[in-house]
Student: 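My structure is below; once you've seen it, I'll send some questions.
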Amino acid sequence: MTATGTFGLSTEARNLQWLLGNLVEEVPGVRSVAVVSSDGLMLLSSDPATQQAGAAAADAVRPEGPRGSSADLATIVSGIGSLTIGAARLMDGGGVKQTMVAMEDGSVFVMSISDGSLLGVHATPDCDMSVVAYHMALFVGRAGHVLTPEVRSELRKSMESTQ
């Protein structure tokens with residue numbers, strides 16, 4: 001699974017898409033995943049609707065709301081990230097590493113990536129939170145050094161071309 005078509009993408013961008021696909025496919029309970037830049041723009045997504053360009057994307061059927069929409073998840077992740085960064089500043093708490101919101105029907109996890117980007121995961125209510133957090137940390141560790149300004153720009157353009 002990839003966030004968008006891989007034709008014309010650099011090796012680094014394809015590797016990030018592959019890592020995201022593995023996170024979704026291999027971690028039980030993960031519903032959707034989004035990587036958001038520090039300025040709130042979606043860079044990568046697990047949403048099937050954003051994986052195919054043209055008519056195929058228009059025909060994709062997904063549930064309403066954040067459960068199936070990576071754009072909604074990206075907005076939520078960006079907002080949670082901004083709120084927790086502000087709270088940490090007010091409390092002199094240092095950098096925010098991870099935020100978790102447990103809800104009756106699911107959980108949202110947000111983890112900082114070294115370049116200021118955020119990794120967001122929407123998971124089922126019965127997921128093993130420690131397993132999700134562990135795999136998110138693996139993703140962040142592997143992706144952090146790869147998300148250069150050039151790769152972020154490439155991923156943004158790739159996401160824009162599928163919408």
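These numbers were taken from a predicted model, which means no experiment stands behind them.
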Student: Could you tell me whether the side chain of R142 and the main chain of L19 form a donor-acceptor pair under 3.5 Å?
Tutor: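 Looks like no, no N/O pair under 3.5 Å.
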
Student: What distance separates L16 CG from T11 OG1, expressed to the nearest 0.5 Å?
Tutor: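 Separation between the atoms: 11.0 Å.
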
Student: Check whether any side-chain N or O of S46 sits under 3.5 Å from a backbone N or O of V33 as a donor-acceptor pair, and report yes or no.
Tutor: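 At least one qualifying donor-acceptor pair exists.
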
Student: When you compare the side chains of Q98 and S112, does any donor N or O come within less than 3.5 Å of an acceptor on the partner?
Tutor: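 There is no such pair (donor and acceptor under 3.5 Å, judged by atom type) between the side chains of Q98 and S112.
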
Student: With side chain to side chain contact (heavy atoms under 4.5 Å, CB included) as the test, would you mind laying out the steps for L23 and V121 before giving the verdict?
Tutor: CA-CA 10 Å; L23 179 63; V121 171; 4.2 Å; yes

Student: Assess whether side chain to side chain contact (heavy atoms under 4.5 Å, CB included) is satisfied between M100 and V108, documenting all intermediate values.
Tutor: CA-CA 6 Å; M100 196 269 305; V108 175; over 6 Å; no

Student: Does any N or O in the side chain of T84 come within less than 3.5 Å of the main-chain N or O of G81, such that one atom is a donor and the other an acceptor?
Tutor: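 A pair under 3.5 Å: yes.
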
Student: Measuring from F109:CZ to M129:CE, what's the distance to the nearest 0.5 Å?
Tutor: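 CE of M129 is found 5.0 Å from CZ of F109.
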
Student: How many angstroms lie between atom CE of M111 and atom OG of S117, to the nearest 0.5 angstrom?
Tutor: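 Atom-to-atom, M111:CE and S117:OG are 14.0 Å apart.
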
Student: Could you grab the distance from atom CZ of F139 to atom CG of N22, nearest 0.5 Å is fine?
Tutor: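 The CZ atom of F139 sits 10.0 Å away from the CG atom of N22.
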
Student: Backbone N or O of L147 within a donor-acceptor pair of the R152 side chain at under 3.5 Å?
Tutor: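 A pair under 3.5 Å: yes.
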
Student: Any chance you could measure R14, atom CZ, to E154, atom CD, to the nearest 0.5 Å?
Tutor: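 Here the rounded value is 8.5 Å.
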
